Amino acid sequence: MTVRTLAVVSAGLSQPSSTRLLADQLAAATRDELVRHGEQVELRPVELREHAHDIVNHLLTGFPAEPLRQVLDEVTGADGLIAVSPIFNASYNGLFKSFFDLVDADALGGRAVLLGATGGTARHSLALEHALRPMFTYLRAVVAPTAVFAAPEDWSGGTVDGALRARIERAGRELAELVRRSAPSSGPADPFALTTSFDQLLHGRDG
Amino acid sequence: MQFGVFTVGDVTVDPTNGREPTEAERIKAMVTIALKAEEVGLDVFATGEHHNPPFVPSSPTTMLGWIAARTERLLLSTATTLITTNDPVKIAEDYAMLQHLADGRVDLMMGRGNTGPVYPWFGQDIRNGIPLAIENYDLLRRLWREDVVDWKGRFRTPLQSFTSTPRPLDGVPPFVWHGSIRSPEIAEQAAYYGDGFFANHIFWPAEHTRRMVGLYRQRFEHYGHGSADQAIVGLGGQVFMRRNSQDAVREFRPYFDNAPVYGHGPSLEEFTAQTPLTVGSPQQVIDRTLGFRDYVGDYQRQLFLVDHAGLPLKTVLEQLDLLGEEVVPVLRKEFESLRPAHVPLAPTHASLLAAAGGGSDSTVHAVDDVTGRAPEAAR
């Protein structure tokens with residue numbers, strides 16, 4: 001039996017962070033659903049805050065420091081991705097966008113993705129639909145229909161029986177189903193692999 | 001093994017005093033660096049080619065011709081010649097002319113250029129970078145090797161009965177390197193023709209170089225030019241030296257922190273760990289440079305970048321003194337003692353001439369002006 005891998009990316013800035021809390025709950029719900037179907041699951045949590053300097057350096061130099069390279073490989077090589085950002089000024093925060101700007105445009109094609117966001121008010125909740133979802137659509141990821149937003153009242157309303165818990169479980173089921181239906185990831189792409197012959201280069205294959 | 005310097009030709013403010021050299025000063029500084037390279041016993045000077053500020057070297061053969069007239073031994077090269085946006089016909093002509101004037105002390109390195117807006121100024125499109133490099137170089141090779149060329153391609157107007165003049169010196173085209181940071185297609189191109197491959201090896205992790213050189217060596221053998229370890233490899237490198245390594249770090253840091261390309265990003269310490277940049281004593285540069293061999297094998301050419309980021313000319317000339325007096329003599333001896341007998345040195349005009357069995361002066365005219373008679377296509 002293969003182990004299904006889930007990358008869990010959180011762009012929360014405070015520690016502890018409600019964004020990380022939501023990410024963990026989405027990851028647990030997805031893992032429980034996969035385990036229920038007899039799959040083994042490996043979670044790969046990624047706190048972007050820990051890589052903030054390397055992310056900026058990569059944007060400036062064009063290459064990742066080794067710890068960030070490993071994170072990028074873990075994320076692009078996972079079977080499924082849970083991506084959670086705080087909403088700042090009506091969109092994902094800069095750290096979240098900067099990290100995904102470093103992901104090759106083809107690296108998440110066909111990959112099962114679940115989106116989540118946190119914010120100071122529920123009035124930000126549609127940022128999931130007008131900011132996060134279009135970005136992953138551009139990356140040709142397969143995004144679960146349910147995206148989960150957690151506002152302050154969701155946490156104060158209790159996470160066990162409240163509406164947030166129900167949304168998390170529904171989202172986890174959707175992502176688990178997408179992961180189960182997809183072939184295991186073949187790992188991150190090798191940027192140095194030669195994918196063409198010189199004859200093709202020389203004679204008529206269009207660039 | 002050949003050692004030398006390569007220069008980008010940037011005009012950059014000196015961050016320690018806010019002074020920006022004029023274009024005239026920078027151009028004269030570049031040629032002074034070239035003359036100094038010969039004086040201190042280096043083998044190669046290579047200039048970049050750029051067509052946008054803040055860079056000055058838009059006309060490499062003009063500069064290299066000037067240097068050729070004032071030097072005796074120095075090999076003149078480029079880093080890089082833009083095979084994408086230059087007309088390959090003009091490259092064939094310009095570098096053959098330079099070859100004659102420099103008595104064969106010429107080779108060149110092909111590169112694509114990574115600045116999108118430059119391409120349309122020359123009627124091209126950066127999205128065609130690889131196809132342009134492939135097609136233009138294939139034509140360039142023919143122009144140097146065939147006296148009369150009929151040609152039709154995708155990017156340039158067709159040629160009928162065209163003869164590029166002057167013909168290469170002694171009928172031997174200049175040796176060509178192909179430079180790239182991370183495009184496997186370029187390593188493949190170099191391997192296909194049995195040309196040299198030059199890994200940029202500055203500003204980027206050593207891992208890029210290891211992978212690219214590995215691919216080039218493997219494909220060089222695949223195409224039957226020799227065994228993988230006989231492929232012709234060149235590397236860049238970036239150094240700043242003082243006798244005392246702490247002095248080197250202290251003096252270079254403001255230039256590093258404000259440098260184009262990587263400034264305002266990683267710290268000097270991070271960048272020296274992540275890339276081949278070495279800031280320290282001559283002995284540290286020797287040790288680090290000898291270590292390059294561990295991940296690329298025995299190689300033929302080492303070029304150092306010593307003059308960017310606004311460093312004043314005086315400082316650059318001091319770097320060249322240290323290279324010539326303390327670093328390169330040791331590297332020469334060490335690398336040579338490590339090189340197996342079957343691994344060749346970098347080709348030169350003399351070695352290519354010997355391999356061709358002597359020179360052939362192949363002056364021809366596509367169509368005789370007087371008789372209108374077409375020539376035989378002499379080979």
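Just so we're on the same page: letters track the sequence lines, and every chain starts at 1. Heavy-atom basis, side chains included; hydrogens, waters and symmetry copies ignored. Because the structure is predicted, anything quoted here is derived from the model rather than measured.
Within a 6.0 Å sphere centred on CG of B:Asn114, heavy atoms belonging to other residues, nucleotides or ligands number 12 at most. The environment of A:Tyr138 atom OH is sparse: at most 12 non-hydrogen atoms of other residues, nucleotides or ligands sit within 6.0 angstrom. Within 6.0 Å of atom CG in B:Asp294, more than 12 heavy atoms from other residues, nucleotides or ligands are found, so the atom counts as buried in its surroundings. Around NE2 of A:His53, the count of heavy atoms belonging to other residues, nucleotides or ligands within 6.0 Å does not exceed 12.
With a 4.5 Å cut-off on non-hydrogen atoms, B:Phe271 touches chain A through its side chain but not through its backbone.
Taking B:Tyr262, B:Phe203, B:Trp204 one by one and counting their heavy-atom pairs under 4.5 Å with chain A, the maximum is reached by B:Trp204. For chain B, the option among A:Ala65, A:Ser197, A:Pro64, A:Gly62 with the highest count of heavy-atom pairs below 4.5 Å is A:Gly62.
Listed here is the closest heavy atom pair of A:Thr196 and B:Glu185: CG2-CG, 4.2 Å. Nearest approach of B:Pro184 to A:Ala193, heavy atoms of both residues: CG-O, 3.7 Å.
Interface with chain A: from residues 207-220 of chain B, residues B:His208, B:Arg211, B:Met212, B:Leu215, B:Arg219 qualify, criterion being any non-hydrogen pair under 4.5 Å. Contacts with chain A (heavy atom to heavy atom, under 4.5 Å) involve these residues of residues 223-235 of chain B, listed by number: B:Tyr223. Using a 4.5 Å heavy-atom cut-off against chain A, the contacting residues of residues 187-194 of chain B are B:Glu188, B:Gln189, B:Tyr192, B:Tyr193.
Applying the side chain to side chain donor-acceptor pair (under 3.5 Å) test to every pair with at least one member in residues 271-280 of chain B, sequence neighbours left out, gives these pairs: B:Thr278-B:Arg288.
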